Amino acid sequence: MSRRFHALVVRESPTGFTRAVEERSTDDLPAGELVRVRYSSLNYKDALSATGNRGVTKHYPHTPGVDAFGDDVIVTGHDLGMNTPGGFAQFVSVPADWIVPRPVGLTPRECAIFGTAGFTAAQCVDRLQKHGVTGEVLVTGATGGVGCVAVALLAHLGYGVVAMTGKSAAADWLKAIGAAEVIGREIDKTGRPLLKGRWAGVVDTVGGEMLATAIRSTRYRGIVTCCGNVGGAEFPLSVYPFILRGVTLAGIDSASCPMPDRRAIWAKLAGEWKPACLNKLARECSLAELSGEIDRILRGEQLGRVIVRLD
C-alpha cells in the first residue's frame with residue numbers, strides 16, 4: 001500500500017536548480033526495504049547534491065541526504081542520497097544489505113548527531129588507535145561535522161587534542177567539547193620538505209596545502225588520516241616525510257565501508273566511545289528549515305552538526 005510523505009526535492013530548471021519540500025508517494029521510491037525516517041543530518045556532500053553538483057548526483061529531480069535513521073535502523077553511505085533518493089524525506093527505500101540495526105545505547109537522534117560525519121571521524125580515530133598513537137593529535141577543520149566529532153571522540157578517549165580552525169570565535173566551544181588547545185589555520189609555504197615534528201596523529205578534513213603542512217609536521221612513525229578535500233584535491237609534497245620519518249597516510253572512505261567494520265564502529269559509538277558532550281555538537285532543524293541550513297554550510301558558516309527532524 002502506497003503512503004504519502006514529505007521530502008526535500010531538488011529540481012533542475014532552465015535557470016538553475018531549485019529545492020522545495022514536496023509531497024511524494026512511496027510508489028515513487030525504488031524497490032527495497034521501506035524505512036520510516038525519524039532523523040537525518042546535513043553533510044557537505046548533501047549540500048553539493050542540493051545545488052546540482054553532477055559529481056555527486058547525476059540525475060534530477062532528486063532528494064539528497066546520505067543519512068537516514070529510523071526507529072531501529074541506521075542507513076548511511078553506499079549510494080543513499082547520491083543517486084538513490086535520500087534521507088531528507090520521511091521515507092526511504094533501500095537494499096536490505098545497506099541497513100545496520102541501531103545498537104542499544106544510541107537513540108535515533110543521537111545516531112543523527114554522529115551521522116556520516118561522525119562515522120567518518122570514528123573511522124579516523126579507529127585508525128589512530130590501531131596505529132598505537134600516543135601524544136598530541138591535530139584535527140584540522142575542527143568546527144566542521146567530521147572535525148568536531150573527532151575532537152570530542154579523541155578527548156573522550158584521553159588524547160591531547162589540538163583543534164585547528166579559521167573561526168577564532170569558536171575557540172571556547174571547541175574547548176568545551178574537549179580541545180586542549182585551539183590554533184588558527186597554519187599553512188607552510190616555505191617549500192621545506194620537513195617541518196618540526198609535533199603531531200603523533202592527524203585527522204585532516206581539509207586536504208590541499210593544509211594536509212601537506214600537517215604531513216610535514218608529523219612526528220617519526222606518526223599517522224595522518226585524510227577524509228576531506230574542501231581545501232583542494234591536490235597537495236604539494238615530497239616523499240621525505242614517508243621515507244625519512246616513516247609517516248603513514250591513511251585514506252578514510254565511509255561510503256563503501258564493509259558491513260562488519262560498519263557495525264563495529266557503530267557499536268563503539270554506542271558504547272565506550274560515546275562522549276558525554278554529544279548534545280553540544282549539534283542543533284536541530286525541521287525539513288522546512290533545511291534549505292536555509294544548506295545555504296549556511298555552502299557559505300562555510302556551519303558550526304558543528306545540523307540534524308534534521310523528519311517527524
Side-chain angles (χ1 to χ4, degrees), residues 114 116-165 174-175 177-183 185-188 193-208 210-229 231 235 237 239-254 257-258 260-262 264-278 281:
F114 284 121
T116 286
F119 180 78
T120 303
Q123 287 180 283
C124 293
V125 173
D126 188 56
R127 290 297 293 270
L128 296 184
Q129 277 200 338
K130 289 175 178 175
H131 197 79
V133 166
T134 59
E136 286 186 308
V137 177
L138 173 69
V139 178
T140 68
T143 61
V146 177
C148 73
V149 179
V151 169
L153 290 177
L154 288 163
H156 176 71
L157 293 171
Y159 292 93
V161 185
V162 178
M164 180 181 287
T165 180
L174 287 167
K175 290 180 179 178
I177 65 172
E181 182 182 351
V182 179
I183 61 176
R185 292 192 185 122
E186 296 180 0
I187 296 176
D188 181 83
L194 292 172
L195 302 171
K196 182 179 179 181
R198 177 176 179 181
W199 316 118
V202 177
V203 175
D204 177 70
T205 73
V206 178
M210 190 169 291
L211 172 59
T213 299
I215 293 171
R216 288 184 287 141
S217 304
T218 298
R219 291 180 354 196
Y220 181 69
R221 289 200 170 180
I223 180 171
V224 178
T225 57
C226 170
C227 60
N229 65 350
F235 56 99
L237 196 66
V239 299
Y240 290 113
F242 309 110
I243 65 174
L244 297 182
R245 286 186 179 165
V247 172
T248 295
L249 177 60
I252 303 297
D253 167 66
S254 62
C257 179
D261 295 345
R262 192 177 291 275
I265 291 290
W266 278 110
K268 289 180 178 181
L269 291 174
E272 68 269 24
W273 283 18
K274 185 178 178 180
C277 66
L278 186 60
L281 302 181

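Excluded from the calculations below are hydrogen atoms, water molecules and symmetry mates; all remaining heavy atoms, backbone and side chain alike, are included. In this text, all values refer to a predicted model and were calculated from it rather than measured experimentally.
Every residue was checked against the side-chain hydrogen bond (donor to acceptor under 3.5 Å, both in side chains) condition with Thr205, not counting sequence neighbours, and none meets it. Evaluation of the side-chain hydrogen bond (donor to acceptor under 3.5 Å, both in side chains) rule for Thr165 yields no partner, not counting sequence neighbours. Under the rule for a salt bridge (Lys or Arg N to Asp or Glu O under 4.0 Å), the partners of Lys274 that lie at least two apart in sequence or sit in another chain are Glu110. Applying the side-chain hydrogen bond (donor to acceptor under 3.5 Å, both in side chains) rule to Lys130 yields the partners Asp126; only residues at least two apart in sequence or on another chain are considered.
Residue Ile215 holds its CD1 atom at 11.5 Å from CG of Leu194, rounded to the nearest 0.5 Å. For the atom pair Trp273 CH2 and Gln129 CD, the distance stands at 5.0 Å (nearest 0.5 Å). Interatomic distance, CZ of Arg127 versus OG1 of Thr248, reported as 8.5 Å (0.5 Å rounding). The distance from the CE atom of Met210 to the CG atom of Leu138 is 8.5 Å, given to the nearest 0.5 Å. How far CZ of Arg219 is from NZ of Lys196: 11.5 Å, rounded to the nearest 0.5 Å. Note that CD of Gln123 is 8.0 Å distant from CG of Asp261, once rounded to the nearest 0.5 Å.
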Give the table of side-chain donor-acceptor pairs shorter than 3.5 Å for residues 239-247, with sequence neighbours excluded, one pair per line with atom names and distance.
from: Arg245; atom 1: NH1; to: Leu195; atom 2: O; distance (Å): 2.9
from: Arg245; atom 1: NH1; to: Arg216; atom 2: O; distance (Å): 2.9
from: Arg245; atom 1: NH1; to: Thr218; atom 2: O; distance (Å): 3.2
from: Arg245; atom 1: NH2; to: Leu195; atom 2: O; distance (Å): 2.5

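The two residues Ile223 and Ala250 have their closest heavy-atom pair at CD1-CB, 4.1 Å. Minimum interatomic distance between Trp199 and Ala214 (heavy atoms only, all atoms of both residues): CD1-O, 4.0 Å. The two residues Pro275 and Leu153 come nearest to each other via the heavy atoms CD-CD2, 4.1 Å. In plain terms, the two heavy atoms of Ala121 and Val146 that are nearest each other are CB-O, 3.5 Å. Contact detail for Thr225 and Val203: the closest heavy-atom pair is OG1-CA, 3.3 Å. For Cys148 against Gly145, the heavy-atom pair with the smallest separation is SG-O, 3.5 Å.
Side-chain contact between Val125 and Lys268: absent, with no pair of heavy atoms (C-beta onward) separated by less than 4.5 Å. At least one side-chain heavy atom of Ile177 sits less than 4.5 Å from a side-chain heavy atom of Leu174.
Between Phe114 and Trp266, the ring planes lie perpendicular to each other; the angle is over 60°, past the 30° to 60° tilted range.
Screening residues 132-153 for side chain to side chain donor-acceptor pair (under 3.5 Å), with sequence neighbours left out, gives Glu136-Arg198, Thr140-Asp204.
Side chain of Arg262 to main chain of Ser254: a donor-acceptor pair is present (N/O by atom type, distance under 3.5 Å, no hydrogens or angles). A donor-acceptor distance shorter than 3.5 angstrom exists from the side chain of His156 to the backbone of Glu272, with no hydrogens or angles considered. In this structure, His131 contributes its side chain and Val224 its backbone to no donor-acceptor pair below 3.5 Å.
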